[in-house]
Amino acid sequence: MEHTAEPTAEHLWGDVSGRLREALNETTYTTWFGDASAGTLGDGVFSLVVPNDFTREWIEGHFLGFVKAAARDALGRDVRVLLTVREVEAVPGELVDHPATRTVVEPGTAPATATNPKYTFDLFVIGSSNRFAHAAALAVAEAPAQAYNPLFIYGGTGLGKTHLLQAIGQYVSEHSRGFTTRYVTSETFMNDFINSLRDKRIEGFKQRYRTYDVLLVDDIQFFEGKERIQEEFFHTFNSLYEAGRQIVISSDRPPKEIATLEERLRSRFEWGLITDIQPPDLETRIAILRKKVTTDRIDIRDPEVLTFIAGRVSTNIRELEGALTRVVAFSSLTGLSLTVELAEQVLRDLFPQGNPVPAVTIASIQEAVSDRFGMTVAELCSQKRSQSIAYPRQVAMYLSRELTDASLPKIGKEFGGRDHTTVIHATSKITRLISEDRSVYNLVQDLTARIKHSR
Ligand SMILES: Nc1ncnc2c1ncn2[C@@H]1O[C@H](COP(=O)(O)OP(=O)(O)OP(=O)(O)O)[C@@H](O)[C@H]1O
């Protein structure tokens, strides 16, 4: 860089990022530096702003030398490089699952769970197992508070409840201008309530939750045994209902099976429509994989590969998608073509044919992962955030999400009482790394095989 005066931080970052791009491969660069931006430059210190602590720790652990060297080359002298984490604030009215009261971004957590853009009606595959739930959700989205109110959708893990709830939210936001929509997990609702009590802002909480035109509450079974929050939800429900606003609720079981659900709340849920989602049949599973292949632009020439995967993974769509991801990752990492034989090789240990596999527990995953990394389960679940512990923890959270029935809040709780957004962050990060980094892919494959065979 030719300069006489001190360049700005932006100029320096422009130069440094160009050098990093050349030194690292494109994927690595995008993964770790794609969201970085220039901070400040002065007094011999260059600060670089990154989106979260996970990225900060990873860069510090792996690339700090690179960044320093690139900055030295660009400036012609040494500077200290300081990484800082970007502050994120919730945007009022945005369709996010994020308690607006919580502004502190915990290290290692995703700041806000922006609604997944893929959770739309267009990308939801209809089959006999979900036809009715889909039709009810669409009717509600087209005419909030007119078709079915409340709409209660229940079904086993990974069968598309969150997808449908968020599809309603996105549809209303796009088609009914002026309508306010909020998607929350029941855990977020509860945390929001608790924080408002603590901060003496309960009026604000009530005002907010009681004025949404469409309120979508996911995984309501989390309210089980929590009387105070059930009472608050009861009042929220009544206010919304009386004001002609739409409420949509999901749960892993029907209201009558949620033990200790207050009777008056249970009967409110029965005012509207209760519908279930069942595990998809083979045809639907193949159609879901086809849709995913098209959406993600995956190049699969042999259609038998999808039939094979759909035949192996039968109950949980999240697992089904996970199986596809692994097969595709293995093929692209090894350069081998995507055939049924390759899929069979990748899935052999993970989804053995024939004998039904007993359920995997979070505890068995924690044991296998901590054993592999030479640490104790207590350390794995501790509050420590160093990279050497955070990474195994994220792998274990990813496996818990993929291989067990546990909900996001439940997984967070089992890993030292963490927020469910931490689990979302961990799973999306590891999902991405699996297809980019052979060692991560191998690790996840080995661990899965070990966990499945240890029972
Ligand atoms: N019918 C469908 N068509 C396309 N994709 C689907 C369908 N059903 C589920 N999926 C996909 O399967 C994955 C799991 O679905 P989702 O998260 O909505 O399940 P869930 O029922 O909310 O599970 P949990 O109770 O564990 O939260 C998502 O990636 C979702 O997009």
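In listed order, ligands and their atoms are each counted from 1.
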Just distances here: any N/O of Phe124 and N/O of ligand 1 closer than 3.5 Å? no
Does Lys413 make a cation-pi contact with Phe415, if we ask for NZ or CZ under 6.0 Å from the ring centre and within 45° of the axis? no
Are Arg268 and Phe234 in a cation-pi setup, meaning NZ or CZ lies under 6.0 angstrom from the ring centre and within 45 degrees of the ring axis? no
Atoms of ligand 1, numbered as shown, that sit under 4.0 Å from any heavy atom of Leu123: 3 (N), 4 (C)
Before signing off on this row, confirm whether Gly158 and ligand 1 have an N or O atom pair separated by under 3.5 Å. yes
Atom CZ of residue position Phe132 - does it have more than 12 heavy atoms of other residues, nucleotides or ligands inside 6.0 Å? no
Short N/O distance, under 3.5 Å, between Val125 and ligand 1? yes
So, 4.0 Å and heavy atoms of Glu321: is ligand 1 close enough to count as a contact? yes
Shortest protein contact, atom 28 (C) of ligand 1 (heavy atom only): Tyr119 OH, 3.5 Å
Under 3.5 Å: N/O of Asp218 near N/O of ligand 1: no
Counting each atom of ligand 1 from 1 as listed, which ones have a heavy atom of Ile317 under 4.0 Å away? 6 (C), 7 (C), 8 (N), 9 (C), 10 (N), 11 (C), 12 (O)
Distance under 4.0 Å to a non-hydrogen atom of Thr157: what atoms of ligand 1 satisfy this? 23 (O), 24 (P), 25 (O), 26 (O)
Looking only at side chains, do Thr162 and Asp218 share a donor and an acceptor under 3.5 Å apart? yes
Closest protein heavy atom (residue, atom, distance) for atom 25 (O) of ligand 1: Lys161 NZ, 2.9 Å
When you measure from the side chain of Ser364 to the backbone of Val360, do you find a donor-acceptor pair of N or O atoms at a distance under 3.5 Å? no
Is a side-chain donor-acceptor pair under 3.5 Å present for Asp281 with Thr284? yes
Would you sort out whether Arg253 and Glu224 count as a salt bridge (Lys or Arg N to Asp or Glu O under 4.0 Å), showing the intermediate values? CA-CA 11 Å; Arg253 61 205 107 130; Glu224 190 168 36; 3.2 Å; yes
Side chains of Glu367 and Val377 in contact at under 4.5 Å (non-hydrogen atoms): yes
shortest atom 19 (O) of ligand 1-to-protein heavy-atom contact is with Gly160 N, 3.1 Å
With rounding to the nearest 0.5 angstrom, report the CZ to OH distance, Arg438 to Tyr441. 7.0 Å
Can you tell me if Leu159 has a non-hydrogen atom under 4.0 Å from ligand 1? yes
Looking at Arg401, which atoms of ligand 1 are within less than 4.0 Å of one of its heavy atoms? 26 (O), 27 (O)
Please could you name the atoms of ligand 1 that Asn130 approaches to less than 4.0 Å, counting only its heavy atoms? 1 (N)
Sub-4.0 Å heavy-atom contact, Gln221 with ligand 1: no
At a 4.0 Å threshold, what atoms of ligand 1 neighbour a non-hydrogen atom of Thr162? 17 (O), 18 (O), 20 (P), 22 (O), 27 (O)
Side chain to side chain donor-acceptor pair (under 3.5 Å) between Arg326 and Thr448, intermediate numbers included: CA-CA 11 Å; Arg326 290 191 193 199; Thr448 310; 3.0 Å; yes
Touching ligand 1 at all, Gly156? Heavy atoms, strictly under 4.0 Å? yes
Tell me which protein heavy atom sits closest to atom 17 (O) of ligand 1, plus the residue, atom name and distance to 0.1 Å. Arg318 NH2, 3.0 Å
So for ligand 1, is Ser407 a polar contact partner (N or O within less than 3.5 Å, distance only)? no
Pair Asp122-Thr120, side-chain donor/acceptor within less than 3.5 Å: no
Go through it in stages, so that I can follow the logic: the residues are Thr180 and Asp213, the test is side chain to side chain donor-acceptor pair (under 3.5 Å), and I'd like the CA-CA distance, side-chain angles, deciding distance and then a yes or no. CA-CA 5 Å; Thr180 50; Asp213 293 298; 3.2 Å; yes
With atom 5 (N) of ligand 1 as the reference point, say which of His420, His163, Glu319 has the nearest heavy atom. His163
